[in-house]
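Shown next, in structure tokens, is the structure this report addresses.
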2 protein chains.
Amino acid sequence: MTADQSLLADCRARLAFDLLANTWNAVVIWALRDGPERPGRLRERIGGISPKVLTETLSRLRFNGLVERRAHPGAPPRVEYGLTELGRSLLPPIEAFGAWAFRHGDEVMAAQERAESTDHRRP
Amino acid sequence: MTADQSLLADCRARLAFDLLANTWNAVVIWALRDGPERPGRLRERIGGISPKVLTETLSRLRFNGLVERRAHPGAPPRVEYGLTELGRSLLPPIEAFGAWAFRHGDEVMAAQERAESTDHRRP
DNA sequence: CAGAATCCTTTACGATACTG
DNA sequence: CAGTATCGTAAAGGATTCTG
């Protein structure tokens, strides 16, 4: 059994790919890299994410053990979300991706423009 | 402007995250790491992907310049898909993710089971 | 066998309004 | 301000069928 076959067959690998298989998970994890943040500030830093979707994303990350929630007593409500140790262990792979984006992102955009002018449709 | 703000604001980074923001892109790229493959074999190696979704995924990856298609003449049709140089440059970051999965995948599953027995619902 | 076409279900995401 | 509820749209994914 070759390495990639075992990777594809192993449910842990598929589980890990699923962690990135949506628009916001990686972005939110990355936005928490410097430390815990309140939801309001998170939305400012991320930009373009609705309150509802941020709540859903944080809940999903919490479900997967990557993020933890801390509520401070009193009013107005003050809540903070931060990465768990498991969540922090995910930062290097995500950072590898960010680095790739800076190096090759323009090549992807160039390929897209080339394809659009040829095929007239976007898959 | 801090590093993560610039990363989040840069459209190249969001574009890169979007490349992984679906179930199959990363899996198919990984399955092509050893060299070009025919769609039929790809489906065998990947497992659990329908012909239609594989076609769509390959078309999407081609649109983004990560995969190229080569058709050999004659009948029955023989087609191969392989990574472009740009697509191959994406393998190290994806591999970093696979390595993370082998190390921490069971922790994620443990967290999920813990959450399921507590919250009674899965986000 | 490749892959396009059709139909269907589920889910992600967004906008809005409301509660504590 | 945090979080939920509701509604609506769009896209992803799956099953099936058909053609070159």
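Throughout, a chain's letter reflects where its sequence line sits, starting with A, and its residues are numbered from 1.
- B:R69 has no carboxylate O lying under 4.0 Å from a charged side-chain N of B:E80, or vice versa, which leaves the two without a salt bridge.
- Proximity of A:Y81 to the phosphate of D:dG3: a side-chain N or O atom is located under 4.0 Å from OP1 or OP2.
- Nucleic acid contact for A:R38: sugar-phosphate only, since backbone atoms but no base atoms lie under 4.0 Å from a heavy atom of the residue.
- A cation-pi arrangement is not found for B:R103 relative to B:W100, the charged atom failing to lie both closer than 6.0 Å to the ring centre and inside a 45° cone about the ring normal.
- With respect to the salt-bridge test (charged N to carboxylate O, under 4.0 angstrom), the residues A:K52 and A:E56 qualify.
- Across the protein-nucleic acid pair, A:R43 atom CZ and C:dA15 atom C1' stand 13 Å apart, rounded to whole Å.
- Contact annotation: the side chain of A:V27 never approaches that of A:T23 to less than 4.5 Å [non-hydrogen atoms, C-beta and beyond].
- Panel note: side chain A:S59, backbone A:T55; no donor-acceptor pair is recorded below 3.5 Å.
- Regarding B:R60, its CZ atom lies at a distance of 15 Å from the P atom of C:dG3, rounded to whole Å.
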Per-nucleotide protein contact along nucleotides 15-20 of chain D, 5' to 3', at a 4.0 Å heavy-atom cut-off (B base, S sugar-phosphate only, - neither), is B----B
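- Between A:E44 atom CD and D:dC1 atom C1' the separation is 12 Å, expressed in whole Å.
- Salt-bridge formation is not detected for the pair B:E116/B:R114: no Lys NZ or Arg NE/NH1/NH2 atom is positioned less than 4.0 Å from an Asp or Glu carboxylate oxygen.
- Computed from coordinates, the B:I49 CD1 to C:dG3 C1' distance equals 14 Å when rounded to whole Å.
- Summarising the geometry, the separation between CG on B:D18 and P on D:dA11 is reported as 13 Å, rounded to the nearest angstrom.
- Between the B:T84 side chain and the B:E68 main chain, no donor and acceptor come within less than 3.5 Å of each other.
- Residue B:R69 is in sugar-phosphate contact alone, with no base atom involved, counting any heavy-atom pair closer than 4.0 Å across all strands shown.
- Taking the nucleotide of DNA chain D with the nearest heavy atom to each of A:G40 and B:V53, the more 5' of the two is matched to A:G40.
- Between A:T23 and C:dC13, a side-chain N or O to OP1/OP2 separation shorter than 4.0 Å is present.
- With hydrogens and angles disregarded, no donor-acceptor distance shorter than 3.5 Å links the side chain of A:D106 to the backbone of A:M109.
- To the nearest angstrom, P of D:dA11 lies 14 Å from CZ of B:F63.
- Following rounding to the nearest Å, B:R62 (CZ) and C:dA4 (P) show an atom-to-atom distance of 9 Å.
- Between B:E80 atom CD and C:dG3 atom P there is a gap of 12 Å when expressed in whole angstrom units.
- Comparing the local axis fitted to the first five base pairs of the helix from C:dC1-D:dG20 to C:dG20-D:dC1 with the one fitted to its last five gives a bend of 30°, rounded to 10°.
- Looking at A:D18 and A:R60, no side-chain N of the basic residue comes within less than 4.0 Å of a carboxylate O on the acidic one, giving no salt bridge.
- Using a 4.0 Å heavy-atom criterion, one finds that B:G74 contacts no nucleic acid atom at all.
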